[in-house]
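Structure record follows, encoded as structure tokens.
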Amino acid sequence: MHIAVTGNIGAGKTTLTTMLAKHYGWDAQFEDVDHNPYLEDFYADMSKWSFALQIYFLGSRFRQVKEIRESGKNIIQDRTIYEDAHIFAENLNDMKLLSDRDFKNYASLFDLMKTFVSAPDLLIYLKSDVPNLVKKIYKRGREYEASISIEYLSKLNQKYEKWIDGYTEGKLLVIEVDDLDFVEKPEDFGFILEKIDAELNGLF
Ligand SMILES: Nc1ncnc2c1ncn2[C@@H]1O[C@H](COP(=O)(O)OP(=O)(O)O)[C@@H](O)[C@H]1O
Ligand SMILES: Nc1ncnc2c1ncn2[C@H]1C[C@H](O)[C@@H](COP(=O)(O)O)O1
């Protein structure tokens, strides 16, 4: 069983992934953030570091894909390889922060990797509006993320909506998280578990 949690920066993916892994006894796979050699530089100068960062995330995410295929375990994954390409890289190209030449180079590598990628059995999309994302990013308090603009988050949100609208690769569960506090309120976490259980029952 492979479950993935998807959503914009600050939507709550890492928090929910951690809670679900504990609840169901699944293995969790997290993004390579704390030891990422490019992320801090990227936020200081997006244009200069966008290609290096995208290649790094693509490689790191592909290693996870390989592990999921080979492990045979129940895994819950914090963000998918699709988001790197269809959300972040595309958006950086739209914003002229990743050149057409570098984007084409990236896209041909992604297309090749995609042939080895299986969609998750269940994709859980944490849908959130921009003010809530800003609040959560501030709450998390990573210094280098202080430069993230409203414009950047809004454009990413638009990409997410478009991608999720056209997502047909597997089962999809959309959870609107703006009015949920699944960290402090057990009833809100319970509400999410009920929805996930209903989807999981359909898979067995
Ligand atoms: N629904 C929620 N209720 C309460 N706190 C939340 C919620 N979602 C996220 N948070 C908090 O917001 C911050 C960012 O969440 P995080 O899980 O790191 O987001 P993501 O992995 O999607 O970027 C964390 O401090 C987390 O505890
Ligand atoms: N592919 C990516 N391109 C640019 N930035 C990315 C990519 N994947 C993740 N990120 C950033 C966004 C956040 O600053 C951190 C962690 O992501 P989060 O959504 O907070 O879990 O990495």
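In listed order, ligands and their atoms are each counted from 1. Since this is a predicted model, take the numbers as computed values, not measurements.
- Residue, atom and distance of the protein heavy atom nearest to atom 19 (O) of ligand 1 are G12 N, 3.1 Å.
- One hydrophobic cluster, built from ILVMFWY side chains closer than 4.5 Å, holds both I137 and F42.
- At least one heavy atom of N8 sits closer than 4.0 Å to an atom of ligand 1.
- Side-chain contact, Y38 with Q54: no donor N or O sits under 3.5 Å from an acceptor N or O.
- Not one N or O on the side chain of D121 forms a donor-acceptor pair closer than 3.5 Å with the backbone of I3.
- Under a 4.0 angstrom heavy-atom cut-off, A11 registers as being in contact with ligand 1.
- Using a 4.0 Å cut-off to heavy atoms of K13, the atoms of ligand 1 that qualify are 17 (O), 19 (O), 20 (P), 21 (O), 22 (O), 23 (O).
- Ranking protein heavy atoms by distance to atom 13 (C) of ligand 1, first place goes to K136 O, 3.5 Å.
- The nearest protein atom to atom 18 (O) of ligand 1, hydrogens excluded, is given as R140 NH1, 2.9 Å; this is a heavy-atom distance.
- Remark: L133 CG to S154 OG distance equals 9.0 Å, nearest 0.5 Å.
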Note every protein N or O atom lying under 3.5 Å from an N or O atom of ligand 2, pairing the names and giving the distance.
| unit_1 | atom_1 | unit_2 | atom_2 | d |
| --- | --- | --- | --- | --- |
| ligand 2 | 1 (N) | Q54 | OE1 | 3.1 |
| ligand 2 | 1 (N) | D84 | OD1 | 2.7 |
| ligand 2 | 3 (N) | Q54 | NE2 | 2.7 |
| ligand 2 | 8 (N) | R61 | NH2 | 3.4 |
| ligand 2 | 14 (O) | Y43 | OH | 2.6 |
| ligand 2 | 14 (O) | E145 | OE2 | 2.5 |
| ligand 2 | 17 (O) | E31 | OE1 | 3.1 |
| ligand 2 | 17 (O) | R79 | NH1 | 3.1 |
| ligand 2 | 19 (O) | K13 | NZ | 2.7 |
| ligand 2 | 19 (O) | R79 | NH1 | 3.0 |
| ligand 2 | 19 (O) | R79 | NH2 | 3.0 |
| ligand 2 | 20 (O) | R140 | NH1 | 3.0 |
| ligand 2 | 20 (O) | R140 | NH2 | 3.0 |
| ligand 2 | 21 (O) | E31 | OE1 | 2.5 |

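- Side-chain heavy atoms closer than 4.5 Å link hydrophobic residues (I, L, V, M, F, W, Y) into clusters, and following such links, even through other members, never connects I75 to F30.
- With a heavy-atom cut-off of 4.0 Å, I137 does not touch ligand 1 at all.
- Between the side chain of Q77 and the backbone N or O of Q29 there is no donor-acceptor pair closer than 3.5 Å.
- Residue contacts with ligand 1: D78 is placed with no nitrogen or oxygen under 3.5 Å of a nitrogen or oxygen of the ligand (distance criterion only).
- At the top of the distance list for atom 21 (O) of ligand 1, counting protein heavy atoms only, stands T14 OG1, 2.7 Å.
- For atom 4 (C) of ligand 1, the closest non-hydrogen atom on the protein side is D181 OD1, 3.1 Å.
- Within the structure, every pair that satisfies the side-chain hydrogen bond (donor to acceptor under 3.5 Å, both in side chains) test and touches residues 166-176, not counting sequence neighbours, is listed here: K171-E199.
- With respect to atom 5 (N) of ligand 1, the closest heavy atom belonging to the protein is K139 NZ, 3.2 Å.
- Under the 4.5 Å side-chain contact rule for hydrophobic residues, L126 and Y24 share a cluster.
- Here Y160 and H86 keep their ring centres 6.0 angstrom or further from each other.
- D27 and N74 share no donor-acceptor pair across their side chains, judged by distance under 3.5 Å alone.
- R61 pairs with exactly one of E83, E67, E31 by the salt bridge (Lys or Arg N to Asp or Glu O under 4.0 Å) rule, that one being E31.
- Looking only at protein heavy atoms, the nearest one to atom 15 (O) of ligand 1 is T15 OG1, 3.6 Å.
- Under 4.0 Å from ligand 1, the heavy atoms of L180 that appear belong solely to its backbone.
- Neither side chain, Y144 nor D41, offers a donor N or O lying under 3.5 Å from an acceptor on the other.
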